[in-house]
Amino acid sequence: MNGTEYHRLLGIGESAFESLEDHLEERNYDGLEYRHVPDYRRGVERGTVLIDGEVVRGFPKVPRTLVLSDGIPERFSTVADRIAVEEKLNGYNVRIARIDGEELAFSRSGMVCPFTTRIIERLVDLEPLFETHPEAMVCGEMIGPENPYTAHDYPEVDSLAFRAFDWRDRESGDPLPVEERRERYERFEIPQTRLFGSYEIETAADEVREIVETLDDDGREGVVMKSPEGVDQLKYTTSAANQDDLEFAFSLPFDYGQAFMFRRLIREGFQAVEWNESDAVARERAHELGEAILLSMRETIETVDDGEVVGERHTVRASPETVDVLFEHLRGQGLQLEIEADRREDGDRVCTFLKRTQSTTDKTRNYLEGHVVQE
Ligand code: ATP
Ligand code: MG
């Protein structure tokens with residue numbers, strides 16, 4: 001298909017499409033050439049894919065509020081009187097679409113993920129859904145400890161699971177209203193993220209705060225609030241999630257952007273104020289924050305001091321073929337992998353590997369060797 005037709009599908013002008021084309025990344029999945037929008041640009045969602053004459057829209061960026069009481073009305077009062085509050089799950093985003101008869105799983109940035117494309121079949125049967133709604137884009141989170149991208153423990157997930165949180169038109173990116181989406185997924189027996197309820201905007205902040213406190217106690221990530229039409233979204237996270245992220249980032253301090261850490265620290269500040277914490281409670285938060293930062297950093301420095309390398313550790317459990325294509329895919333993206341454990345279980349290959357993060361290993365070693373800094 002040529003650019004002229006794609007620009008029509010995307011709903012943008014010809015010249016806008018031409019300038020977008022320079023920024024498209026070209027890839028190949030199983031002999032199928034495709035292009036995607038790898039980063040944020042105006043006009044077209046990041047993660048949008050042009051494949052086989054079809055468009056698969058990116059999943060929109062979800063804005064965040066640092067303060068519930070003012071953020072909720074600010075975001076929603078002009079578009080709705082109520083909001084639906086769903087759980088925000090901590091895993092990795094996936095969109096599944098049927099292209100030329102084949103169900104493909106796309107990453108946030110619009111790459112076909114060969115691992116997810118294969119493993120999803122085990123987790124959910126999307127066949128009946130795509131038979132009835134071939135234009136659907138099934139959006140959800142892959143959660144659980146055994147995956148190659150974002151591992152987080154959920155007591156209800158042993159290895160890996162899929163939870164739907166959105167249903168959009170593949171081409172336009174328009175979502176279904178929340179209620180309709182939930183009914184449809186229920187009908188197709190697709191597991192979904194939890195819905196806490198629907199609340200009036202005026203009183204929502206108090207309700208959401210209570211929900212977030214419970215989620216925080218359970219070490220869960222947070223909530224995504226949505227207008228009933230599903231168009232407007234807003235996220236808010238627990239302190240547990242902020243601190244987990246900080247712990248992780250400070251375990252690889254020279255590989256994670258400083259902005260990543262700074263933003264999470266700021267969130268803690270605003271939450272402490274909005275929740276009107278007593279000195280004692282704020283001190284406890286400060287203590288936990290300090291532990292998240294320092295203890296993880298200390299462990300990394302000690303690991304490097306022992307002559308080992310550091311990185312992101314993941315475990316995957318899948319067929320040997322799936323693990324092979326995953327490693328090929330990750331290496332193809334320039335990642336250096338170190339296989340730490342590799343065994344067979346019930347026909348599956350269960351593999352623990354490290355994505356080496358070179359900057360942290362190198363810089364830490366330099367500092368340990370007494371490298372003097374001008375600061
Ligand atoms: P972005 O904000 O651009 O989506 P991010 O990496 O900053 O990217 P998060 O902070 O994790 O993302 O928040 C948004 C993501 O949360 C979504 O992309 C989606 O993968 C995930 N998510 C989990 N649960 C939900 C839910 N119930 N509704 C919508 N998104 C959800
Ligand atoms: Mg996330």
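Order of listing sets the numbers, starting from 1, for every ligand and every atom in it.
Partners of His152 by ring pair (Phe, Tyr, Trp, His ring centres under 6.0 Å), not counting sequence neighbours, listed by chain and number: Tyr154. Every residue two or more places apart in sequence or in another chain that forms a salt bridge (charged side-chain N to carboxylate O under 4.0 Å, His left out) with Arg184 is listed here: Glu180. For Glu338, the side-chain hydrogen bond (donor to acceptor under 3.5 Å, both in side chains) test picks out Arg356, with sequence neighbours left out.
At a 4.0 Å heavy-atom cut-off, the residues surrounding ligand 1 are Tyr40, Phe59, Lys61, Val62, Arg64, Glu86, Glu87, Lys88, Leu89, Asn93, Arg108, Glu141, Phe165, Thr193, Val224, Lys226, Gln233, Lys235, listed by chain and number.
Cation-pi geometry between Arg264 and Phe260 is satisfied (NZ or CZ under 6.0 Å from the ring centre, within 45° of the ring normal). Annotation: cation-pi geometry not satisfied between Arg27 and Tyr34 (NZ/CZ under 6.0 angstrom from ring centroid, within 45° of ring axis).
Using the six-membered ring where Trp is involved, Phe353 and Phe327 have ring planes that are perpendicular, over 60° apart on the 30 and 60° scheme.
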